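Worksheet: the structure to be examined is printed underneath.
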Amino acid sequence: MLLACLRRFPCQKLLNDSSGVTGDWKLAAKWIGEYFFPLLADAGLHYMAWVYSPNYFSRRAINLALSFVRQPVIVVVNFEEVASAYTWLREKVRPSCITSML
């Protein structure tokens, strides 16, 4: 659903709030890092602010997923809370966007 949304409403930034996620989802980590992240990049995503869960196993799964990303297709920064993640995303501007506005 996320890919369909990005294709219909293109955007370069995503705030992924996992603060409410509990449990271990490490079995999906490889698929997310190797397959899903390149698809997100192909859909136009450039920046992701990923808010950690307070749950240890969920945090570990996030880090594992990011370890499977083979090339820096998307800039991902992890945060402890949503406010910092939101602020970071607001400050991100792709260099190509700056030059195209000149």
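All values derive from a computational prediction rather than experimental measurement.
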- Heavy atoms only: give me the nearest S53-S18 pair and the separation to one decimal. CB-O, 3.1 Å

- Message: Could you check whether any side-chain heavy atom of N55 comes within less than 4.5 Å of a side-chain heavy atom of V21, counting everything from C-beta outward?
- Response: no

- Do V51 and L15 come close enough that some side-chain heavy atom pair is under 4.5 Å? yes

- Message: Looking at every non-hydrogen atom in both residues, tell me the closest pair between L6 and A43 and how far apart they are.
- Response: CB-CB, 4.0 Å

- Item | Residue pair L2 / L14, side-chain heavy-atom distance below 4.5 Å | yes

- Below 6.0 angstrom between ring centroids: does that apply to W50 and F79? no

- Find the distance between CH2 (W25) and CG (L64) and round it off to the nearest 0.5 Å. 8.0 Å

- Query: Atom CZ in R70, atom CZ in F68: separation rounded to 0.5 Å?
  - Reply: 7.0 Å

- Message: So does R60 get a backbone contact from the side chain of K26, meaning a donor-acceptor N/O pair under 3.5 Å?
- Response: no

- Rounded to the nearest 0.5 angstrom, the CG-SG distance for L89 and C11 is 9.5 Å

- Can you sort out the partners of Y52 under ring-ring contact (aromatic ring centres under 6.0 Å, His included), two or more places apart, ordered by chain and number? none

- Do Y35 and L40 belong together in a cluster built from hydrophobic side chains that touch within less than 4.5 Å? yes

- Same apolar cluster: V82 and M48, side chain cutoff 4.5 Å: no

- Message: I need the N78 CG to L66 CG distance, nearest 0.5 Å.
- Response: 5.5 Å

- Pairwise side-chain contact, S58 with T22, heavy-atom cut-off 4.5 Å (strictly under): no

- Task: Determine whether L39 and L45 fall in the same hydrophobic cluster, where Ile, Leu, Val, Met, Phe, Trp and Tyr are linked whenever their side-chain heavy atoms lie under 4.5 Å apart.
- Result: yes

- How many angstroms lie between atom OH of Y47 and atom CD of Q12, to the nearest 0.5 angstrom? 7.5 Å

- Within a reach of under 6.0 Å around CZ of F36, are more than 12 heavy atoms found that belong to other residues, nucleotides or ligands? yes

- Looking only at heavy atoms, the pair that brings V73 and P38 closest together is CG2-N, 4.2 Å

- Just how far is it from atom CG of D42 to atom CZ of F37, taken to the nearest 0.5 Å? 13.0 Å

- Hey, is K13 close enough to E91 for a salt bridge, meaning N to O under 4.0 Å? no

- Query: Transitively linked via ILVMFWY side-chain contacts under 4.5 Å: L27 with V69?
  - Reply: no

- Under the side-chain hydrogen bond (donor to acceptor under 3.5 Å, both in side chains) test, residues paired with D17 that sit two or more places apart: S19

